[in-house]
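The chains referred to below are lettered A, B, ... by the order of the sequence lines, with proteins before strands, and numbering in each begins at 1. Remember, predicted model here, so these are calculated numbers, not experimental data.
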Amino acid sequence: MAHWLFKSEPGCFSIEDLKHRPEMTEHWDGVRNYQARNFLRDAIKVGDRVLFYHSNIPQPAVVGIAEVVRAGYPDCTALDPASEHFDPKSTAQTPIWYMVDLRYLADLKHPVTLETIKGHPLLGGMALVRRSRLSIQPVTPEEWGIILALGGITGY
DNA sequence: GCCAACGTTGGC
DNA sequence: GCCAACGTTGGC
């Protein structure tokens with residue numbers, strides 16, 4: 001089981017949005033970056049765990065965790081001319097973009113802010129700090145454990 | 001709202 | 001295939 005960090009602008013899609021859909025899964029669509037796409041298509045598997053990160057706000061932070069319930073499959077929004085994520089180069093036969101489905105697991109009791117992560121001796125090397133623009137990135141088991149401990153939850 | 005980082009596009 | 005121009009992300 002691998003660990004990941006997914007970023008989202010809470011004004012667009014927040015952990016609350018994910019949480020309040022207990023009866024259904026949520027598509028993680030609209031990713032239009034090749035490196036993130038490769039993770040979605042090739043590496044992210046059912047059962048993997050995800051740190052849910054809120055970006056582009058005054059206090060960016062990891063706010064909760066989620067579980068992958070469906071591995072990479074073609075992103076239907078790329079095929080829909082009405083979607084803002086429409087990509088005319090992507091077709092049903094040769095899809096370019098992929099998405100996964102997530103299920104809400106838990107909120108952190110205490111959000112772990114970017115500031116905290118940057119200042120932590122064992123977290124300063126995270127992709128979040130070094131490659132700040134990558135929206136989907138791998139997390140090591142050690143980083144996962146530290147962030148959950150800082151966040152005040154156990155059992156995941 | 002600014003701007004640095006950096007990914008993508010397109011002319012040559 | 002290089003690289004300048006441009007667009008986007010995301011911290012501040």
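Contact annotation: Lys7(A) side-chain N/O to dT8(C) OP1/OP2 distance is not under 4.0 Å. Dashed line: the shortest gap from a side-chain N or O of Tyr34(A) to OP1 or OP2 of dC6(B) is not under 4.0 Å. Taking side-chain N and O atoms only, Arg131(A) has a distance below 4.0 Å to OP1 or OP2 of dG7(B).
Residue-to-nucleotide proximity on DNA chain B shows that, of Arg133(A) and Lys89(A), the 5′-proximal contact is made by Arg133(A). A residue-by-residue look at Asn56(A) and Arg32(A) shows that Asn56(A) has its nearest nucleotide of DNA chain B further toward the 5' end.
In this entry the distance linking NE2 of His54(A) with C1' of dG11(C) reads 16 Å, nearest Å. Rounded to whole angstrom, the span from the CD1 atom of Ile117(A) across to the P atom of dG11(C) amounts to 10 Å. Counting to the nearest Å, the C1' atom of dT9(C) and the CZ atom of Phe13(A) are 19 Å from each other. Distance, Asn33(A) CG to dG10(C) P: 9 Å, rounded to whole Å. Distance CD (Gln35(A)) to C1' (dA5(B)): 14 Å, rounded to an integer number of Å. The nearest whole Å value for the distance from the CG atom in Asp87(A) to the P atom in dT8(C) is 13 Å. In this structure, CG of Leu5(A) is placed 17 Å from P of dT9(C), rounded to the nearest angstrom. As rounded to whole Å, 13 Å separates atom P of dT8(C) from atom NE2 of His85(A).
In this view, Tyr104(A) satisfies the ring-ring contact (aromatic ring centres under 6.0 Å, His included) rule with no residue, not counting sequence neighbours.
Relative orientation of the Phe13(A) and Trp28(A) rings is perpendicular, given thresholds of 30° and 60° on the angle between their planes.
Using a 4.0 Å heavy-atom criterion, one finds that Ile57(A) contacts no nucleic acid atom at all.
The cationic group of Arg70(A) lies under 6.0 Å from the six-membered ring centre of Tyr73(A) and within 45° of the ring axis, placing it in a cation-pi geometry.
Looking at Asp87(A) and Arg32(A), no side-chain N of the basic residue comes within less than 4.0 Å of a carboxylate O on the acidic one, giving no salt bridge.
Looking only at distances, no side-chain donor or acceptor of Asn38(A) sits under 3.5 Å from a matching main-chain atom of Gln35(A).
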